Number of protein chains: 2
Amino acid sequence: MSTRQRILDTALDSFGTDGVDGTSLDALARTLGLRKQSILYYYPSKAVLFEAVVDEAATRFAEALDEVVIDATDVWDQVEGTVRVVFRMATQRPALLGLLREASRPGSSVAVQLTGRLAGHIDAARHSLEIALKDGRVAGDDARLLLFSLYSTIMGVATEVEVLRAMGIEPSLRTLTQRRAELLRFLRAALDPAPASSVTLA
Amino acid sequence: MSTRQRILDTALDSFGTDGVDGTSLDALARTLGLRKQSILYYYPSKAVLFEAVVDEAATRFAEALDEVVIDATDVWDQVEGTVRVVFRMATQRPALLGLLREASRPGSSVAVQLTGRLAGHIDAARHSLEIALKDGRVAGDDARLLLFSLYSTIMGVATEVEVLRAMGIEPSLRTLTQRRAELLRFLRAALDPAPASSVTLA
DNA sequence: GGTCTCCCCTACCAATTGGTAGAGCCCGTC
DNA sequence: GACGGGCTCTACCAATTGGTAGGGGAGACC
């Protein structure tokens, strides 16, 4: 692998785990077996490096999502596929999700960049939801807000390990499987267009 | 207000908005109209200050949640109340939610502390859910995992403003109301124990 | 062999960081 | 008026930060 790519990869892991502010170029270079100046040779500043890392992460995320079939007639398959992809990342490369979290912090400078890279997937997902909503195959009012809720739930369940600990569950492969199953059940119930039995809950 | 309390308040806002690493004691002192050494007089180190801020935030959050009636017979009221509390914070003091986000980052040193402060509320909520699950008044398998999903959804929808922008919605008071309404509908559908019409989605 | 480009290095820098040491001020108590 | 504690200050520090300037080696091309 090229030095350039190695830097990008290592930076992604470090930024995603310790945060951008929590990662110094010196420390990054040390784990790479390089000097800081070699990093600055490829990426003229830390900000530029961060942008490149965000781009890389967004691209990888987008590529992973590409395996989710875009078929407007079956929204549930898309939800299930997305959950599968996100949870695979949560085990194989948690730093990538951490970086997305970092890059989507309120007021983040790279949020727009991230948004742009994923705009295609967002649009496709929204479009599917809109059609499904219109056909009554999914419960909800606004496709964008529904997508937002879905995103929040999936990413939260996949990444909020400290909250999970607070609930008394230690993150492990076994509990992760349970978490995913419960998440899918939860999402399915939320999307199900069956008429609400308002008597029970009201 | 005492200087000690002013420092705590300002630090909460700053830590919650710019992050701990993104906030220097000098900058903090400047906005307070003090010198850094005055901060260090009350809080001997930045780490101690951060812990105090986390404690403060957790306490305020807990106090706000106290207005949510704990009544095991009506889980939905609790969910609705929690959403109301969280959304009020999102408008009145977004930094507080930002700080919770910061403090619950994976690997956070203060996560345990935060957990401890909110343990009572977590337990109560789980207990309510367990009873409701047993009685069939709520759909789901595991109370803790269900609570985890609920938390993820609510906090995500309330705080992920950049993701909201990515969906094409600009955060404002009006859209916030819509967001809340859609969130409540979403959660209600997810919790509703009505039998799933599996034909539709499968 | 000369030269050019790519790549990584040493050396250095100004600014900022969290933190220490200690002086001085204000105010209530004796 | 002396004293003492509570509070904020000036002065200073070592370490770390992101970044600049520029040297040198190794290989490709002529």
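Small disclaimer: the values here were computed from a predicted structure and weren't measured. These values consider heavy atoms only, across backbone and side chains, with no hydrogens, waters or symmetry-generated copies. Proteins come first, then strands; the chains are lettered A, B, ... in the order of their sequence lines, and each starts at number 1.
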For this session: Could you tell me whether the phosphate oxygens of dC7(D), OP1 or OP2, come under 4.0 Å of any side-chain nitrogen or oxygen in Thr3(B)?
Result: no
Problem set entry | Side-chain N,O (Tyr42(B)) to OP1/OP2 (dT8(D)) below 4.0 Å | yes
For this session: Rounded to the nearest angstrom, tell me the gap between atom CZ in Arg35(B) and atom P in dT10(D).
Result: 5 Å
For this session: Specify the closest pair of heavy atoms between Glu182(B) and Gly140(A), including all atoms of both residues, with the distance to one decimal.
Result: OE2-CA, 4.3 Å
Exercise. How would nucleotides 12-26 of chain D be written as a contact map, 5' to 3', with B for base contact, S for sugar-phosphate-only contact and - for no contact, using protein heavy atoms under 4.0 Å?
Worked result: -----SBBBB-----
For this session: Report yes or no: does Ser38(A) contribute a side-chain atom to a donor-acceptor pair with the main-chain N or O of Leu34(A) at less than 3.5 Å?
Result: no
Exercise. OP1, OP2 of dC7(D) versus side-chain N and O of Tyr41(B): anything below 4.0 Å?
Worked result: yes
For this session: Walk me through it: do Glu67(A) and Arg84(A) pass the test salt bridge (Lys or Arg N to Asp or Glu O under 4.0 Å)?
Result: CA-CA 10 Å; Glu67(A) 83 173 44; Arg84(A) 191 187 344 114; 2.9 Å; yes
Exercise. Between Ile7(A) (CD1) and dC7(C) (P), how many Å, whole number?
Worked result: 11 Å
For this session: Determine which pairs satisfy salt bridge (Lys or Arg N to Asp or Glu O under 4.0 Å) with at least one residue from residues 147-164 of chain A, sequence neighbours left out, and list them in order.
Result: Arg101(A)-Glu160(A), Glu162(A)-Arg165(A)
Exercise. Has Ser38(B) got a side-chain N or O lying under 4.0 Å from the OP1 or OP2 atom of dC9(D)?
Worked result: yes
Exercise. Does one side chain, of Asp55(A) or Gln113(A), offer a donor that lies under 3.5 Å from an acceptor on the other?
Worked result: yes
Seminar exercise, completed: Scanning both residues in full, the closest heavy-atom pair of Arg126(A) with Leu147(A) reads N-CD2, 4.0 Å
